[in-house]
K.L.:
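Pasting a structure here, questions to come.
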Amino acid sequence: MQLKRTHHCGELNRAHVGQKVVLNGWVDSWRDHGGVIFIDIRDRYGKTQIVFSPENKTLYQQARKLRSEYVIAVAGEVRRRPEQAINPAILTGEVEVAATELEVLNTSKTTPFEIKDFVNVSEDLRLRYRYLDLRRPSLQKHLLLRHRAAQATRAYFNRQGFVEIETPFLTKSTPEGARDFLVPSRLHPGKFYALPQSPQTYKQILMVAGFDKYYQIVRCFRDEDLRRDRQPEFTQIDIEMTFVDEEDVLSMMEGFMQFLLAEVGGLEVKIPFPRLSYAEAMAKYGTDKPDTRFGYFLNNVTDVFLNSPFQVFQRIAGTKGYVGAVVFPEAVQFSRKQIEALNAYVRQLGGHGVAHVKYLHNQWEGGIAKFLSAENQRALESRLKLEEDALVLFVADEDVERAQGLLGALRLHLAEKLQLIDTSRIELLWIVDFPLLEYSEEEGRYVARHHPFTSPKLSDLALLDTAPEKARARAYDLIFNGNEIAGGSIRIHRKDLQEKVFQILRLGPQEAEQKFGFLLEAFEYGAPPHGGIAFGFDRLVMLLAGAESIRDVIAFPKTASGVGLMEGTPSEVDPKQLEELKIKPVRT
RNA sequence: GGGGUCGUAGUUCAGUCGGUUAGAACGCCGGCCUGUCACGCCGGAGGUCGCGAGUUCGAGUCUCGUCGGCCCCGCCA
């Protein structure tokens with residue numbers, strides 16, 4: 001390579017006019033006018049227009065052969081463009097480089113899709129040729145944003161006196177939680193490492209070790225099904241602090257979010273963030289991650305139906321079930337077909353369906369109107385504060401949380417459908433006072449809602465013996481526009497309480513000893529009170545970037561079925577490798 | 001594990017009721033063009049209709065199966 005760049009492709013402007021420069025990059029586009037040839041040369045900084053004139057015949061003939069995505073080096077002189085040819089749309093639009101020398105560093109096959117943001121391409125093709133997709137400006141922008149977010153994270157926590165410490169990837173399989181990715185041990189045939197679902201136990205042990213403020217931007221692995229916002233390997237900002245309570249952790253994180261959003265997005269957010277208890281969130285929004293950018297609150301109208309001619313609801317109301325209603329003024333014109341689609345939506349989520357009624361000119365019409373007594377109608381009017389025309393939707397279920405959840409899903413579904421969400425707004429809030437446990441029908445026991453090291457609220461300790469499901473945890477989630485972006489808790493730091501919780505989780509002393517013995521043992525040597533939190537970094541960047549999918553902020557993501565389309569993962573391995581590991585595939 | 005949806009040229013898509021030679025735009029190739037910048041004009045090449053069965057005189061179109069992408073439920077301490 002003879003011509004090494006003196007500038008990058010997004011750099012040149014008026015001030016460089018007259019200078020001899022060299023640019024290196026890819027041919028973004030070429031416009032051959034017969035007489036004059038324009039080449040846009042692109043690198044990650046931008047594009048610059050190169051001009052080839054017919055005067056230099058050899059050079060001109062060379063330039064005619066240039067095609068998209070050839071890698072070139074060009075020497076030339078920066079000159080101001082003619083007034084009418086100035087392009088205000090690009091950074092370097094006032095100037096161009098009059099080429100004097102051209103070096104083709106490499107040619108390129110015709111790419112399977114054009115390297116342009118405005119060209120629509122199916123995602124599987126983009127993933128298969130990820131190196132081409134990554135040349136597109138929008139994806140480059142996302143990864144640069146991700147870089148800035150990571151740097152801002154380090155800057156903030158370093159300044160606050162945190163220490164970044166790496167923890168192992170070859171760890172111990174843990175019960176509870178997600179399915180582990182396993183790594184067979186060659187030196188210990190029949191035994192396995194597990195890739196960490198999170199560095200949870202290690203960071204707690206670092207607290208025992210005295211590193212009172214720890215953070216790490218770290219990869220985590222969970223062998224579960226994928227989603228738009230879930231990948232089997234993902235990145236967390238993992239944080240743990242000693243001698244703290246909830247207030248210390250929450251305010252430290254509020255400071256972090258304020259700094260990050262200002263630094264990376266130029267956005268201002270007010271602190272402290274509002275807090276909502278889990279119970280309030282479920283009652284008002286029907287979810288533990290409410291999007292608070294719009295209203296449509298849930299109303300509990302169970303008592304109204306305790307005495308009603310509508311027997312379906314009366315029965316549910318009378319058996320500790322729940323009947324809820326949401327008022328949608330914007331949906332008052334919905335057709336029978338549109339309402340039926342909502343019904344189908346709720347059924348698909350596992351509900352009985354949705355009942356509706358239209359409130360028009362102070363009259364109840366359609367749907368279940370004929371099953372409402374005059375008394376029911378009056379009660380609903382005052383409970384739902386009905387004034388304007390509206391579509392009122394009801395969901396009822398024997399299980400209170402399921403009913404709330406269905407209504408909450410319906411609330412979000414309709415707000416999206418009716419485009420009632422102000423996407424320019426940023427709403428951050430904490431959800432607190434989560435239940436410590438939930439009963440798993442499948443396993444026939446209580447399981448930890450957060451994780452087994454989460455401390456119960458001290459005021460709820462007595463409940464552990466009498467009504468464990470009512471005990472609340474010292475846990476908190478951070479919600480960003482209806483997305484859970486962080487979750488954490490104050491941990492248990494005493495062996496007796498930890499053993500008690502294990503006991504409720506029916507994790508026997510032997511099993512607990514085998515799985516977590518090292519942690520319990522560490523707790524016997526002066527474990528300080530501690531707590532922490534972890535952010536879903538990919539999800540956070542996705543929201544900051546306004547991306548549709550987590551895949552758009554990860555350089556090399558997997559498809560929905562966990563496949564790497566570019567490199568072809570997962571793949572079969574040489575039988576010799578399996579032999580070394582003493583592993584024999586089971587025929588299924 | 002379940003449900004939905006999509007699969008036609010290199011790409012994004014159209015393809016009517018099952019019926020002649022499967023079309024368009026962009027891209028690609030060739031020609032023309034000295035101020036374009038998602039250049040323009042003219043011409044051309046390019047198809048295993050994802051794959052496999054079946055129904056039929058005849059299937060891109062209908063049926064079944066299968067593979068793959070995306071979305072949702074379950075799952076995700």
Side-chain angles (χ1 to χ4, degrees), chain A residues 28-42 47-55 60 64 67-69 81-90 92-93 96 109-129 132 174-180 196-198 200-201 220-232 234 344-351 405-406 409 413 434 436-438 440 442-443 446-454 473 475 484 487-489 501 505 507 515-516 534 536 548-549 551 558-561 563 565:
Chain A
D28 189 69
S29 64
W30 50 285
R31 297 177 292 280
D32 184 345
H33 283 248
V36 63
I37 298 170
F38 298 104
I39 300 285
D40 289 341
I41 182 171
R42 183 195 69 237
K47 293 180 205 174
T48 302
Q49 177 165 285
I50 312 291
V51 190
F52 295 89
S53 307
E55 286 80 55
Y60 181 77
R64 287 193 66 181
R67 292 295 180 267
S68 295
E69 302 309 314
R81 294 193 190 185
E83 205 60 41
Q84 72 281 4
I86 286 176
N87 183 354
I90 63 171
T92 60
E96 62 193 8
K109 297 209 306 190
T110 300
T111 52
F113 53 86
E114 295 175 73
I115 316 299
K116 305 260 186 333
D117 275 341
F118 57 85
V119 173
N120 225 14
V121 192
S122 69
E123 198 173 355
D124 50 334
L125 203 69
R126 291 174 47 203
L127 290 171
R128 174 151 153 58
Y129 298 95
L132 298 180
T174 53
E176 308 276 316
R179 193 175 294 112
D180 285 320
Q197 297 177 24
S198 84
Q200 185 62 35
T201 49
C220 302
F221 307 86
R222 295 178 189 175
D223 188 6
E224 298 292 348
D225 286 1
L226 293 83
R227 282 283 189 289
R228 190 166 57 85
D229 60 354
R230 256 167 43 193
Q231 285 271 308
F234 62 99
Y345 175 73
V346 168
R347 281 171 173 277
Q348 175 214 321
L349 296 181
L406 292 166
H413 180 70
F434 282 88
L436 180 71
L437 308 159
E438 66 191 326
S440 164
E442 191 187 332
E443 301 192 40
Y446 287 102
V447 295
R449 204 177 169 104
H450 186 51
H451 59 58
F453 317 110
T454 298
E484 181 195 327
S489 63
V501 170
L505 298 173
L507 203 60
K515 305 287 187 188
F516 299 116
E548 301 253 314
S549 155
R551 293 185 297 274
K558 303 282 188 280
T559 68
S561 62
V563 167
L565 286 179

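Naming: A, B, ... by sequence-line order, numbering from 1 per chain. This one's a predicted model, so the numbers in the text were calculated from it and none came from an experiment.
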K.L.:
Side chain of A:R230 only, please: which of B:C71, B:G69, B:G74 is the nearest?
P.N.:
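From the listed options, B:G74 comes nearest.
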K.L.:
Output a table of nitrogen or oxygen pairs between the protein and nucleotides 1-4 of chain B separated by less than 3.5 Å.
P.N.:
residue	atom	partner	partner atom	Å
B:G1	O6	A:D225	OD2	3.4

K.L.:
Taking the side chain of A:T559 as heavy atoms from C-beta outward, which of B:C70, B:U11, B:C71 is closest to it?
P.N.:
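Among B:C70, B:U11, B:C71, the one nearest the side chain of A:T559 is B:C70.
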K.L.:
Between A:R67 and B:G30, is there a side-chain N or O to OP1/OP2 distance below 4.0 Å?
P.N.:
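So the side chain of A:R67 is within the cut-off, an N or O lying under 4.0 Å from OP1 or OP2 of B:G30.
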K.L.:
With sequence neighbours left out, write down each residue that passes side chain to side chain contact (heavy atoms under 4.5 Å, CB included) with A:I86, or none if nothing qualifies.
P.N.:
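With neighbours one apart ignored, the set is A:R80, A:R81, A:E83, A:E94.
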K.L.:
Salt bridge between A:R31 and A:D40, side-chain N to carboxylate O under 4.0 Å?
P.N.:
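A salt bridge is present here (some side-chain N lies under 4.0 Å from a carboxylate O).
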K.L.:
From the set B:U12, B:C75, B:G69, return the single nucleotide nearest to any side-chain atom of A:S561.
P.N.:
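Among the listed nucleotides, the one closest to the side chain of A:S561 is B:G69.
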K.L.:
Say we look at B:C28 and B:G69: how far apart would their C1' atoms be, to the nearest angstrom?
P.N.:
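Nearest-Å result for B:C28 against B:G69 at atom C1': 26 Å.
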K.L.:
So with a 6.0 Å cut-off around CD of A:E548, is the heavy-atom count from everything else above 12?
P.N.:
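Atom CD in A:E548 is not crowded, with 12 or fewer foreign heavy atoms closer than 6.0 Å.
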K.L.:
Using a 4.0 Å heavy-atom cut-off across all strands, classify A:P112 as base, sugar-phosphate, or nothing.
P.N.:
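Sugar-phosphate: the residue A:P112, judged by heavy atoms under 4.0 Å, touches backbone atoms but no base.
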K.L.:
Partners of A:F234 by ring-ring contact (aromatic ring centres under 6.0 Å, His included), sequence neighbours excluded?
P.N.:
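Applying ring-ring contact (aromatic ring centres under 6.0 Å, His included) to A:F234 gives none.
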K.L.:
If you only use heavy atoms from C-beta on, which nucleotide in B:G31, B:C73, B:G27 is closest to the side chain of A:L349?
P.N.:
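Output: B:C73.
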K.L.:
Expressed as a whole number of Å, how far does the P atom of B:G52 sit from that of B:U8?
P.N.:
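Result for the P pair: 15 Å, nearest Å.
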K.L.:
Does A:K515 have any side chain to side chain contact (heavy atoms under 4.5 Å, CB included) partners at least two apart in sequence or in another chain, and if so, which?
P.N.:
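For A:K515, the residues satisfying side chain to side chain contact (heavy atoms under 4.5 Å, CB included) (neighbours in sequence not counted) are A:P175, A:E511.
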K.L.:
What is the distance, rounded to the nearest whole Å, between atom CG of A:D180 and atom C1' of B:C76?
P.N.:
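Distance check: A:D180 CG to B:C76 C1' gives 12 Å.
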K.L.:
If the sugar-phosphate is the primed atoms plus P, OP1 and OP2 and the base is the rest, what is the B/S/- string for nucleotides 35-43 of chain B, using protein heavy atoms under 4.0 Å?
P.N.:
BBBBB----
K.L.:
Could you tell me whether the phosphate oxygens of B:C72, OP1 or OP2, come under 4.0 Å of any side-chain nitrogen or oxygen in A:R347?
P.N.:
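No, outside the criterion.
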K.L.:
Suppose you measure atom P in B:A53 against the same atom in B:G58; what distance do you get, rounded to whole Å?
P.N.:
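About 15 Å, rounded to a whole number of Å.
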K.L.:
Choosing from B:G10, B:U12, B:G31, which nucleotide comes nearest the side chain of A:N120?
P.N.:
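The answer is B:U12.
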K.L.:
Please state the C1' separation for the pair B:G30 and B:G46 - nearest whole angstrom.
P.N.:
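My reading of the C1' atoms in B:G30 and B:G46 gives 14 Å.
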K.L.:
Holding to side-chain hydrogen bond (donor to acceptor under 3.5 Å, both in side chains), I want the full list of residues that pass it with A:T201, two or more places apart in sequence or in another chain.
P.N.:
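For A:T201 there are no side-chain hydrogen bond (donor to acceptor under 3.5 Å, both in side chains) partners, ignoring immediate neighbours.
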K.L.:
Only counting residues at least two apart or in another chain, list the ones meeting side-chain hydrogen bond (donor to acceptor under 3.5 Å, both in side chains) with A:E438.
P.N.:
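Testing A:E438 for side-chain hydrogen bond (donor to acceptor under 3.5 Å, both in side chains), a comparison that skips the adjacent residues, returns A:R449.
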K.L.:
Look at the side chain of A:R551 and the backbone N and O of A:T559, then say whether any donor-acceptor pair between them is shorter than 3.5 Å.
P.N.:
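No, A:R551 side chain to A:T559 backbone: no donor-acceptor pair under 3.5 Å.
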K.L.:
Check the distance between B:G68's P and A:L125's CG and give it to me in whole angstrom.
P.N.:
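So the two atoms are 17 Å apart, to the nearest Å.
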K.L.:
Please determine, for the side chain of A:E55, which listed nucleotide (B:U34, B:C76, B:G27) has the closest atom?
P.N.:
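Selected nucleotide (nearest to the side chain): B:U34.
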K.L.:
Among residues at least two apart in sequence or on other chains, which ones pass side-chain hydrogen bond (donor to acceptor under 3.5 Å, both in side chains) with A:Q197?
P.N.:
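Listed in chain order: A:D180.
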K.L.:
Who passes side chain to side chain contact (heavy atoms under 4.5 Å, CB included) against A:R67, sequence neighbours left out?
P.N.:
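Per chain and number, A:R67 pairs via side chain to side chain contact (heavy atoms under 4.5 Å, CB included) with A:W30, A:Y70.
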K.L.:
If I pick the P atom on B:G65 and the same atom on B:C49, what distance separates them, to the nearest angstrom?
P.N.:
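Going atom to atom, P in each nucleotide, I get 22 Å.
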K.L.:
Can you tell me, in whole Å, how much space there is between the P of B:G15 and that of B:A24?
P.N.:
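Straight-line distance between the two P atoms is 15 Å.
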K.L.:
Could you measure between the two C1' atoms, the one in B:C57 and the one in B:G18, and give it in whole Å?
P.N.:
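Looking at atom C1' only, B:C57 and B:G18 are 12 Å apart.
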